[in-house]
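Written out below as structure tokens is the structure these notes cover.
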Amino acid sequence: MKIMDNVSRREFLKDGCKLASACMILNVLPIKIPNAFASDEASATQAGLEAKDGYNWGNHYYAYLIDTRKCIGCGMCVQACSRENNVPDGFFRTWVERYEISERGEVFVDSPHGGINGFEATNPGFNATKAFFVPKMCNHCEHTPCIQVCPVGASYATKEGMVLVDSERCVGCGYCVQACPYGSRFINPITHTADKCTWCYHRITKGLKPACVQACPTGARKFGDLKDEHDEVRKILASERIGILQAEKLTKPKCYYIGLDKEVR
Amino acid sequence: MFETINFLFPNDLHIHWSLMIVMYPYITGLVAGAFIVSSLYHVFGKIEFRPIGRFSLLTSLAFLLTATLPLLNHLGHPERAMNIMITPHFSSAMAGFGILYTFYLIVLTLEVWLVFRKDIVDYARASTGLRRTMYKILALGVYDTSPEALEKDHKVVKVLAAIGIPAACMLHGYVGFLFGGIKANPWWSTPLMPVIFLFSAVVSGIAALVIFYQIAMRWRGEAISADCIRGLARWLWLFLIMTVTLELLEIITLAYEQAEEWEVIAPLLTHQLSFSFISLQMIIGALIPMILLMITVLMDSFMKDKLRNMLTFIASSLLLIQVFAMRWNVVIGGQIFSKSFRGFRDYTPHFLEKEGVLAAILLGLLPCVLLIVLSRVLPPFRSQKEPIG
């Protein structure tokens with residue numbers, strides 16, 4: 001009690017304010033730093049792998065190549081993705097579309113359950129003169145509208161050029177879902193946050209391939225690192241004629257296609 | 001053509017922005033519209049709006065206080081809603097929401113307080129018990145009601161109202177921009193969107209005031225000011241003409257350009273949205289009220305007060321439907337077609353679901369209830385000056 005007697009009200013308030021502001025700063029800082037980069041995948045890999053496995057995200061820049069001429073529509077990729085990433089039923093991180101086109105320009109497109117069970121023969125009602133499959137997923141665009149519109153910064157780009165979602169920060173407003181021209185995003189009905197293809201970030205940072213690439217029996221899907229001189233995808237991109245989806249949107253997709261048709265959006 | 005293809009991107013089978021996102025621009029539109037009317041009196045000195053000068057402020061406040069509720073009900077993680085303010089990501093238009101909303105809330109609350117300050121002090125002095133405590137708290141310890149102080153209040157109100165006009169326009173124009181800035185969606189992506197939203201907001205605000213004012217006067221058994229209704233009808237007609245012009249302009253441009261997106265928008269308007277767009281938004285909601293208001297304005301000298309009141313009341317009711325239909329057609333219409341541009345999905349909200357019809361009705365009624373409560377605490381109509389005991 002004696003000590004208290006010596007403290008004037010002014011001093012008490014002053015010290016109190018100092019203590020409060022110190023607490024606030026201490027409180028704010030540690031919350032901000034991990035969360036700025038945190039994602040279920042990114043935080044684990046960045047902190048852990050850089051030291052352990054020598055993974056450095058500055059040494060990679062990934063790209064995805066799809067040769068539509070090789071795709072047989074078996075749906076293994078969709079199944080593999082669904083299992084690997086626990087994708088809820090009725091939602092798709094990747095899917096396969098089937099196109100049937102006639103000489104006269106009639107078009108039939110479908111993707112039953114995202115093509116997860118393959119495709120049954122159909123009758124489009126016209127004489128199709130060409131038909132092909134187009135696997136699709138998040139394009140991890142360089143100038144992506146989904147990151148731009150995220151009001152809380154939960155969608156972000158990694159140094160390897162990937163677009164990820166921090167599900168601990170996402171408020172689930174759905175603005176990114178609206179902003180993606182490719183229909184790659186959805187609101188996960190279990191987590192209630194935005195969800196999409198991560199190119200299996202948890203696998204590739206361990207030197208594995210994305211599940212869909214691993215599962216593809218024909219090599220229609222290829223995953224590559226543009227910073228690797230000997231990379232196959234890098235070489236193909238440099239030498240072949242390559243297409244991207246909805247080029248007019250200027251989002252700079254990093255999923256590249258061989259054998260695209262004008263009917264594919 | 002579309003019937004035969006009807007291909008949707010698999011993730012496009014779901015409508016992510018539901019009825020709640022229709023309610024949100026509808027409510028903020030009413031906020032902005034009601035505020036513009038109050039500014040016509042407080043800033044532009046339109047004396048005919050004196051009877052509703054204070055009432056329109058309360059209307060704006062009541063709707064503003066509930067404007068965030070549909071959003072919170074829609075968010076996947078409403079508990080993280082404050083992230084938009086704590087860690088805004090400013091490249092997103094949506095990140096501006098917290099700032100715009102808070103700023104406007106402050107301006108509006110201050111204005112309401114200053115406009116009603118003298119009344120609050122009078123009530124605090126005249127009442128007893130709990131009521132007295134409430135008014136004492138509302139008075140914030142300021143009991144100066146000298147003519148000089150009130151004159152000062154009046155000046156500040158004018159400044160606040162002047163700041164409030166661009167603030168209200170921003171708050172609502174921003175909502176339009178949220179849609180107008182999405183290049184992935186051709187039905188939304190137009191710089192006209194914020195302007196269309198703003199004008200239709202003013203239409204809905206004036207229409208709501210016509211209805212609320214007439215009901216309030218009936219309830220109180222007082223005469224409806226003919227000048228006020230006449231003025232409201234005139235402004236309503238003007239803003240309706242501008243709104244419909246803009247709405248049609250957008251569609252005519254799309255149709256005339258015949259760009260790729262017209263292939264999906266044309267069937268959208270004539271099939272999927274034929275009822276909500278052609279019947280509700282354009283004919284029942286726009287054409288008919290336009291004729292009614294034209295009669296009201298042009299034949300004013302031949303018109304008895306009762307007929308004028310009735311015509312404006314009917315026109316306003318239809319206009320509230322029109323604006324709601326417009327919000328619906330923008331928000332839901334923009335999601336009815338897939339981004340594959342090759343197919344359509346359907347959306348019918350259920351009655352009892354979380355973001356369903358009942359929730360929307362409650363959210364529509366809540367601001368009305370709030371307005372009644374606010375009007376009890378701060379009686380906005382001047383004739384009601386009897387002390388509260």
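The chains referred to below are lettered A, B, ... by the order of the sequence lines, with proteins before strands, and numbering in each begins at 1.
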Heavy-atom distance under 4.5 Å to chain A: side chain of L71(B), backbone, both or neither? neither

Of the backbone (N, CA, C, O) and the side chain (C-beta and beyond), which part of N185(B) lies under 4.5 Å from a heavy atom of chain A, both, or neither? neither

Please check this pair: side chain of W17(B) against backbone of C173(A), looking for a donor-acceptor N/O pair closer than 3.5 Å. yes

Step-by-step side chain to side chain contact (heavy atoms under 4.5 Å, CB included) determination, V149(A) to I182(B): CA-CA 9 Å; V149(A) 302; I182(B) 294 295; 4.2 Å; yes

Taking atom CE of M20(B) as the centre, report whether more than 12 heavy atoms of other residues, nucleotides or ligands fall under 6.0 Å from it. yes

Between H77(B) and H192(A), which heavy-atom pair has the shortest distance, and what is it? CD2-O, 3.5 Å

As an exercise, state the distance from CZ of R80(B) to CD of E168(A), rounded to the nearest 0.5 Å. 7.0 Å

How many angstroms lie between CD in E97(A) and CZ in F9(B), if you round to the nearest 0.5 Å? 5.5 Å

Distance-minimising heavy-atom pair for V177(A) and H16(B): CG1-CD2, 3.2 Å

More than 12 non-hydrogen atoms from neighbouring residues, nucleotides or ligands closer than 6.0 Å to CZ on F119(A), yes or no? yes

Is there a side-chain contact between K339(B) and Q246(A) (heavy atoms, below 4.5 Å)? no

Quick one: do H89(B) and Q148(A) satisfy side chain to side chain contact (heavy atoms under 4.5 Å, CB included)? Show the steps, please. CA-CA 8 Å; H89(B) 183 234; Q148(A) 184 196 3; 6.0 Å; no

Can you tell me which of A93(B), G181(B), S340(B) forms the most heavy-atom pairs within a distance under 4.5 Å of chain A? S340(B)

Are there over 12 heavy-atom neighbours, none belonging to M94(B), within less than 6.0 Å of that residue's CE? yes

Taking all atoms of both residues into account, what is the closest heavy-atom pair of G114(A) and P10(B), and its distance? CA-CG, 4.0 Å

Between C150(A) and S92(B), is any pair of side-chain heavy atoms under 4.5 Å apart? no

Decide yes or no on side chain to side chain contact (heavy atoms under 4.5 Å, CB included) for R265(A) and F341(B), but give the supporting numbers first. CA-CA 8 Å; R265(A) 269 185 63 80; F341(B) 287 7; 3.6 Å; yes

When you measure from the side chain of Y175(A) to the backbone N and O of L178(B), does any donor-acceptor pair fall under 3.5 Å? yes

Between A95(B) and P151(A), what is the shortest heavy-atom contact and its length? CB-O, 3.7 Å

Kindly say whether A184(B) contributes a backbone atom to a donor-acceptor pair with the side chain of K249(A) at under 3.5 angstrom? no

Would you give the length of the straight line joining atom CG of L8(B) to atom CG of D110(A), rounded to the nearest 0.5 angstrom? 11.5 Å

Ring centroid separation H14(B) to F91(A) under 6.0 Å: yes

State whether the side chain of K183(B) and the backbone N or O of P145(A) hold a donor-acceptor pair below 3.5 Å, judged by distance alone. no

Non-hydrogen side-chain atoms of R169(A) and T87(B) separated by less than 4.5 Å: yes

Flag yes if more than 12 heavy atoms outside E120(A) fall under 6.0 Å of its CD atom; otherwise flag no. no

Check R342(B) with E263(A), please: is the shortest side-chain N to carboxylate O separation under 4.0 Å? yes

Below 4.5 Å from any heavy atom of chain A, which atoms of L13(B) appear? Answer side chain, backbone, both or neither. neither

What's the separation between atom CZ in F7(B) and atom CZ in R98(A), rounded to the nearest 0.5 Å? 11.0 Å

Using modelled atom types only, decide if a donor and an acceptor are shared between the side chain of N11(B) and the backbone of G183(A) within a distance under 3.5 Å. yes

Evaluate whether atom NZ of K354(B) has more than 12 neighbouring non-hydrogen atoms of other residues, nucleotides or ligands under 6.0 angstrom away. yes

Chain A contact via E79(B) - which portion, at a heavy-atom distance below 4.5 Å: neither

When the 4.5 angstrom heavy-atom criterion is applied to Y99(A) and chain B, the contacting part is side chain

